[in-house]
**Q** 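Can you keep this structure in mind? I'll have questions shortly.
Quick note: residue numbers are just sequence positions, from 1. One-based numbering, in listed order, for ligands and for the atoms of each.
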Amino acid sequence: MNEYNYIKKQDAEIYEAIMGEEAREASGLELIPSENYVSRAVREANGSVLTNKYSEGYPGRRYYGGQDYTDAVEQLAIDRACELFGCTYANVQPLSGAPANVAMYFALMEPGDTVLGMDLSHGGHLTHGHPTTSINKVFNFVRYKMKDVDTGEIDYDELREVALEHKPKIILAGFSAYSRELDYQKFVDIAREVGAYAVADMAHIAGLIAGGVVQNPFDYGFDVITSTTHKTMRGPRGGMILIREDKEIAQKINKAVFPGLQGGPHMNLIAGKAVAFGEALRPEFKEYCQQVLKNAKAMEKVFLEKEVRLLGGGTDNHLLLADVYGSLGVTGQEAETVLDEIGITLNKNMIADESRTAMDPSGIRFGTPAMTTRGMKETEATRLAEIMIEVLKDKDNQQLKDALKAEVEALCTSFPVPESFV
Ligand SMILES: *Cc1c(COP(=O)(O)O)cnc(C)c1O
């Protein structure tokens, strides 16, 4: 059955592009750690008539009529999010991870106030105050770093000193290129000491928290968690903000999202979030998350055995950062290109204390959420890591590349992208 009959009939160009993307996703091996495959049920919700409806406001308090079903959808998304993360309040309206962070900043601070966040070159995200972002013009960002790049341990003494000196309103834990667990208790203790909110941006690992395979910052008293709902959460592209228990904070967050930052919520995507949260509440999702970690550990083992340096010395989550330039003499850009040639997609990445440039850095970043959704296990993860290192060590060998490309393609054929996880 073709689910795109109408597009096919009326818009051949877009139809071709969608078919192309579908084939690309089916035949290539996706190792970008922020990507995943959603279920057909999530895509049905995304494509539903809910996209037609304006629902400014919140369930029971809307500006327009006709909200019986949108109220039901949003309330289900909120209730399921609270159940998954063990919190009291949730705002599921943020359009993506970046606007969720913007809303959170405006909810908890006044312009000119200070955020203490992870140094961007040590794994922090663009939305944590990168100089090129608009938010960097409004708030003041100060930084903490890792103490030891080869263990990944954060310098908590420095974190406390910077906090005491700069009196931030928010201490932000979270990252998009960091592979170790954080000592959440230390973050909370320091935040309490200086009177800051403890906020975690869990965009990358939200699914793993929901699945119970990594620690939940709320268990240590974090006030707020921001996140995406795609990535490991395996839902539609979108954002959310979770509030542990404080009603006043929840009210500030709600106001900052709407009317502070956004107009009408995208109710079709909120329905997709609700469906994905429903999937994440099932035991199968816990198994999925466990396998994501096992697969990352299997890849870690190969890289360490073959003496390719991993930032942080390894991984506690779904992602790995390898210093391919330092260990193999191949730049991040070269590695990205060569791996792409054999059907493996990942991204070049700056490593901590980078000596090269952002456009051609020393590292690559990769992860296991998408391959695990396809059903791959440790055997496949191990072989993929071997393939990666083999081709990087001999990147001009066309015969080798042809053979490995065929092997990657065969692997993908044996593990088709599933339609459903239940
Ligand atoms: C991905 C990510 C974001 C941004 O999410 P978008 O949906 O791309 O806007 C924010 N913070 C962190 C830590 C992320 O990894």
**Q** Suppose we measure from atom 9 (O) of ligand 1 to each protein heavy atom; which comes out shortest, and what is that distance?
**A** A98 N, 2.8 Å
**Q** Check each atom of ligand 1 against the heavy atoms of T228 and keep those under 4.0 Å away; list them by number with element.
**A** 5 (O), 7 (O)
**Q** Can you tell me which residue pairs pass the salt bridge (charged side-chain N to carboxylate O under 4.0 Å, His left out) test with a partner in residues 94-118, sequence neighbours excluded?
**A** D113-K169
**Q** Is any side-chain heavy atom of E354 less than 4.5 Å from a side-chain heavy atom of S121?
**A** no
**Q** To which protein heavy atom is atom 7 (O) of ligand 1 closest, and what is the distance rounded to 0.1 Å?
**A** S96 OG, 2.4 Å
**Q** Quick test of your reading: applying salt bridge (charged side-chain N to carboxylate O under 4.0 Å, His left out), list the pairs with at least one residue in residues 77-101, sequence neighbours left out, ordered by first then second residue.
**A** none
**Q** Does any N/O atom on H230 come nearer than 3.5 Å to any N/O atom on ligand 1?
**A** yes
**Q** How close do I135 and V102 get, counting heavy atoms only, and between which atoms?
**A** CD1-CG1, 3.9 Å
**Q** Out of V102, N101, D201, whose heavy atom is nearest to atom 12 (C) of ligand 1?
**A** D201
**Q** May I ask you to list the atoms of ligand 1 that are less than 4.0 angstrom from any heavy atom of H204?
**A** 15 (O)
**Q** Compute the shortest N/O to N/O distance between G97 and ligand 1 and return yes if it is under 3.5 Å, no if not.
**A** yes
**Q** Assess the residue pair N101 and T127 against the criterion (side-chain hydrogen bond (donor to acceptor under 3.5 Å, both in side chains)); give the C-alpha distance rounded to whole Å, side-chain angles, the decisive distance to 0.1 Å, and a yes or no.
**A** CA-CA 7 Å; N101 280 342; T127 56; 2.9 Å; yes
**Q** Please identify which atoms of ligand 1 are closer than 4.0 Å to at least one heavy atom of T127.
**A** 10 (C), 11 (N)
**Q** Does M202 have a non-hydrogen atom less than 4.0 Å from ligand 1?
**A** no
**Q** Decide, yes or no, whether a salt bridge links D223 with R192 under the criterion of side-chain N to carboxylate O below 4.0 Å.
**A** yes
**Q** Between R356 and T331, is any side-chain donor less than 3.5 angstrom from a side-chain acceptor?
**A** no
**Q** What protein heavy atom sits nearest atom 14 (C) of ligand 1, and how far off is it?
**A** K231 NZ, 2.9 Å
